[in-house]
Amino acid sequence: MIFNRLKEIREDRDLYQKDIAKILNITQAQYSRYETGENIITLENIYKLADFYKTSIDYLLYRTDTRKPYPTSIIKED
């Protein structure tokens with residue numbers, strides 16, 4: 001199902017597969033296989049896309065329909 005969300009969010013921003021492939025440092029063909037579900041996207045690339053799209057990983061993985069990212073946590077060391 002993630003492949004549907006990847007295509008949807010990319011098209012909502014009027015971007016091409018080659019644009020996203022460049023961000024992920026992969027070929028357009030590799031990215032295309034993510035969108036068709038032929039290949040499973042790596043966790044590292046999911047992180048990169050969430051940061052790029054300014055959304056949560058949960059949104060990309062269909063765990064929520066809210067695009068807003070979660071607040072960044074601040075870890076305090078004692």
Side-chain angles (χ1 to χ4, degrees):
M1 291 292 211
I2 184 175
F3 50 89
N4 293 330
R5 181 67 40 100
L6 294 176
K7 183 175 181 179
E8 171 189 302
I9 197 169
R10 176 182 59 78
E11 289 179 342
D12 284 351
R13 288 175 169 71
D14 296 323
L15 297 169
Y16 296 101
Q17 288 181 344
K18 67 180 180 176
D19 300 323
I20 304 305
K22 191 173 192 177
I23 290 163
L24 300 178
N25 199 28
I26 60 174
T27 66
Q28 180 274 328
Q30 288 173 299
Y31 182 76
S32 175
R33 288 191 289 274
Y34 289 160
E35 284 194 2
T36 61
E38 291 177 56
N39 285 357
I40 297 172
I41 188 168
T42 65
L43 187 56
E44 178 183 354
N45 283 341
I46 291 173
Y47 284 140
K48 287 180 185 178
L49 290 177
D51 287 344
F52 174 75
Y53 289 125
K54 294 181 179 42
T55 191
S56 68
I57 291 171
D58 282 349
Y59 177 76
L60 294 177
L61 297 176
Y62 273 100
R63 293 182 52 90
T64 183
D65 288 329
T66 303
R67 287 188 180 192
K68 185 177 177 181
Y70 299 123
T72 304
S73 64
I74 300 172
I75 300 173
K76 295 182 181 181
E77 293 184 29
D78 294 329

> Determine, stepwise, if the pair Y34 / Q30 fulfils side-chain hydrogen bond (donor to acceptor under 3.5 Å, both in side chains).
CA-CA 7 Å; Y34 289 160; Q30 288 173 299; over 6 Å; no
> Looking only at heavy atoms, what is the nearest atom pair of I57 and A50, with distance?
CG1-CB, 3.8 Å
> From the options E35, K7, E11, select the one residue that forms a side-chain hydrogen bond (donor to acceptor under 3.5 Å, both in side chains) with Q17.
E35
> Using the rule that Ile, Leu, Val, Met, Phe, Trp and Tyr join whenever any side-chain heavy atoms are under 4.5 Å apart, tell me whether Y16 and I23 fall into a single cluster.
no
> Would you give the length of the straight line joining atom CG of N45 to atom CG of L6, rounded to the nearest 0.5 angstrom?
10.0 Å
> Got L24 and F52 here, is their nearest side-chain heavy-atom distance under 4.5 Å?
no
> Determine whether more than 12 heavy atoms belonging to other residues, nucleotides or ligands lie under 6.0 Å from atom CG of D12.
yes
> What is the distance from atom CZ of R13 to atom CD1 of I20, rounded to the nearest 0.5 Å?
9.0 Å
> Would you say the side chain of T66 lies within less than 4.5 Å of the side chain of Y59, judging by non-hydrogen atoms?
no
> OH of Y31 to NZ of K18: how many Å apart, nearest 0.5 Å?
14.5 Å
> Side chains of T36 and E38: is there a donor and an acceptor less than 3.5 Å apart?
yes
> About how many Å separate CG of L15 and NZ of K22, when rounded to the nearest 0.5 Å?
12.5 Å
> State plainly whether the residues R5 and D65 are in salt-bridge range, i.e. N to O under 4.0 Å.
yes
> What distance do F3 atom CZ and I40 atom CD1 have between them, rounded to the nearest 0.5 Å?
11.0 Å
> To the nearest 0.5 Å, tell me how far D19 CG sits from Q28 CD.
10.0 Å
> Report yes if the side chains of I9 and L49 come closer than 4.5 Å at any heavy-atom pair, otherwise no.
no
> Looking only at heavy atoms, which two atoms of S56 and T64 are closest? And how far apart?
OG-CG2, 4.0 Å
